[in-house]
Amino acid sequence: MTENLLFIDDNWQRQLAEAFHSVEALCDYLALDRDRLPLTKAASDQFPLRVPRSFADCMEQGNPDDPLLRQVLPVTDEMITYPGYTHDPVGDQKAAQPSLILHKYHGRVLMINTGSCAINCRYCFRRNFPYAEFQLSPQKQKHALDYIRGNDSIAEVILSGGDPLLLSDAKLAGLLDALNAIDHVRRIRIHSRLPIVLPARITPELCKILARSPKNVVMVVHCNHANELSRAVAAACSQLKAHTVTLFNQAVLLKQVNDNADTLHQLSEKLFTLGIIPYYLHLLDKAVGTGHFEVSETFALQLMEKLQNTLPGYLVPKLVREITGAPAKQIIFKTG
Ligand SMILES: *Cc1c(COP(=O)(O)O)cnc(C)c1O
Ligand code: SF4
């Protein structure tokens, strides 16, 4: 294969615009009988369906239980009220006001750069987040950069979202330049699901922008199941690696998506073949509408033990939970 071939369909904006926005279109595409699915308009009214075709292409035709489909389909279970589930489970809305900066942990800040994502994951803890209030205006960006400049304990800036790779190349390049000009910032981290769900976003231009950064660029992608790792995703990751980007993965432990040891084992193995190190396996954040995805901590620990016994240590992700007000993600260990 020539290098050009890897970038053969690089019109990511068009692919984004053509993503599925309706349950009907997605079900037709996958040859699924809607009458046999527990669909409800109430769920998609709350949080619309959004699925890029490249992600839908990783699903199995005609399979209503497909683990990727389950991540994106608005279903009746979302309307169930579970105790302890809130609209802002990790305290982000409170922490973010009024700027675009979330400074919860020592030495690193998270910068919100856009309200949207290329895909709407039903289990998302930000599904109820009023992103419109956090839009990136030039003033807000300046305010955020001033904050980072004025605090020399900040060694790492995490571009998050929404999905920061939805920014245009020009905006992203401008942001990286501004961050690179701040002496005490040592690393720039990008949290993005785009290399997985819209690999066409990893264009030669983007790779050049990332490679040009004098400070190390780390990318934490988000993949929950080995089936998400198509050949196009592999090509995108290999381009990122070739442009000196360090790749990690975070996954969310989700009932009937990846809550068994074999699935998680395969995920780690496949990630590594793509040059991605498993980083975090998150227990679900308790956002309203997501309770049917919850996996208990006890069961999660059993899964971790199986992974620990069958994988090299560096392919076992850390099981973590986010706790409002805590100084770091809480690593879940077995006690007793
Ligand atoms: C998760 C998170 C980070 C990054 O934490 P790491 O443990 O370094 O991956 C930073 N800031 C906020 C607000 C976070 O939620
Ligand atoms: S890509 Fe991430 S932030 Fe966006 S909807 Fe999915 S889980 Fe939420």
Side-chain angles (χ1 to χ4, degrees), residues 16 19 46-52 55 68 70-74 78 88-97 99-129 131 134 144 147-148 151 153-166 186-198 201 218-225 228 246 248-254 257-258 277-285 287 289-290 293 317-332:
L16 187 65
Q46 269 183 12
F47 187 53
L49 175 133
R50 190 170 200 195
V51 186
F55 191 76
L68 277 55
R70 187 167 155 81
Q71 295 178 50
V72 297
L73 203 63
E78 292 177 36
D88 186 19
V90 300
D92 275 4
Q93 289 179 39
K94 214 164 132 239
Q97 279 151 11
S99 81
L100 301 160
I101 292 281
L102 285 167
H103 193 178
K104 298 204 290 196
Y105 301 160
H106 179 80
R108 52 240 197 265
V109 292
L110 200 141
M111 192 176 171
I112 295 174
N113 284 284
T114 152
S116 53
C117 293
I119 186 167
N120 282 346
C121 312
R122 309 313 299 178
Y123 54 84
C124 182
F125 74 98
R126 295 193 179 119
R127 56 178 286 159
N128 311 301
F129 206 72
Y131 272 117
F134 295 93
Y147 180 87
I148 296 165
N151 188 332
S153 75
I154 298 171
E156 177 166 348
V157 176
I158 304 170
L159 307 182
S160 181
D163 201 307
L165 291 187
L166 285 185
R186 305 177 65 169
R187 289 177 300 281
I188 300 166
R189 189 194 317 184
I190 298 174
H191 278 182
S192 175
R193 189 142 158 72
L194 285 200
I196 309 299
V197 303
L198 195 74
R201 176 65 185 100
V218 174
M219 197 176 288
V220 181
V221 301
H222 170 180
C223 171
N224 300 316
H225 194 287
E228 294 169 38
T246 306
F248 293 105
N249 182 59
Q250 50 184 343
V252 183
L253 185 57
L254 300 166
V257 172
N258 58 10
I277 303 284
Y279 178 41
Y280 280 155
L281 179 63
H282 293 265
L283 289 174
L284 187 75
D285 292 317
T290 67
F293 283 113
K318 287 181 191 150
L319 181 67
V320 290
R321 181 198 295 287
E322 182 144 354
I323 302 213
T324 306
K329 305 261 186 286
Q330 189 187 44
I331 299 182
I332 312 291

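Read the numbers this way: they start at 1 and go in the same order the structure lists the ligands and their atoms.
For atom 14 (C) of ligand 1, the candidate residues are H282, H103, E322, K329; the nearest heavy-atom contact is made by K329.
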Go through R70 and L254 one step at a time and tell me if the side-chain contact (heavy atoms from CB on, under 4.5 Å) criterion holds.
-> CA-CA 10 Å; R70 187 167 155 81; L254 300 166; over 6 Å; no
Walk me through it: do L283 and Q330 pass the test side-chain contact (heavy atoms from CB on, under 4.5 Å)?
-> CA-CA 10 Å; L283 289 174; Q330 189 187 44; over 6 Å; no
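No donor-acceptor pair under 3.5 Å is formed between the side chain of R122 and the backbone N or O of N120. Panel note: side chain D285, backbone P89; no donor-acceptor pair is recorded below 3.5 Å. Here the side chain of N258 pairs no donor or acceptor atom with the backbone of H225 at under 3.5 angstrom.
Note on ligand 1: Q250 sits outside its first shell, no heavy atom being nearer than 4.0 Å. Distances from ligand 1 to the non-hydrogen atoms of R189 include at least one value under 4.0 Å. Ligand 2 is never approached by D163 to a heavy-atom distance shorter than 4.0 Å.
Neither the backbone nor the side chain of E156 comes within 4.0 Å of ligand 1, counting heavy atoms alone. Of the heavy atoms in R127, none comes closer than 4.0 Å to ligand 2. Only the side chain of I158 comes within contact range of ligand 1, with a heavy atom under 4.0 Å; no backbone atom does.
Here C121 does not reach atom 4 (Fe) of ligand 2: none of its N/O/S atoms is less than 2.8 Å from the metal.
Remark: minimum distance from atom 9 (O) of ligand 1 to any protein heavy atom is reached at Y279 OH, 2.6 Å. Among all protein heavy atoms, the one lying closest to atom 12 (C) of ligand 1 is L110 CD1, 3.5 Å. Protein heavy atom nearest atom 7 (O) of ligand 1, with residue, atom name and distance: Y280 OH, 2.6 Å. Regarding atom 10 (C) of ligand 1, its nearest protein heavy-atom neighbour is Y105 CD1, 3.4 Å. For atom 13 (C) of ligand 1, the closest heavy atom belonging to the protein is K104 CE, 3.5 Å.
Under a 4.0 Å criterion applied to the non-hydrogen atoms of C117, ligand 2 contributes the atoms 1 (S), 3 (S), 4 (Fe), 5 (S). Interface atoms of ligand 2 facing R193, defined by a heavy-atom separation under 4.0 Å, are 1 (S).
Ring geometry for H103 against Y147 counts as perpendicular: the plane angle is over 60°, on a 0 to 90° scale with 30° as the lower cut.
Inspection of the E322 and H282 side chains reveals no N or O donor paired with an N or O acceptor under 3.5 Å.
E156 and R187 are joined by a salt bridge, as a carboxylate oxygen and a charged side-chain nitrogen come within less than 4.0 angstrom of each other.
Remark: of the listed residues R50, Q71, H222, R193, R193 is the sole one forming a side-chain contact (heavy atoms from CB on, under 4.5 Å) with I119.
How far OH of Y279 is from CZ of F248: 7.5 Å, rounded to the nearest 0.5 Å.
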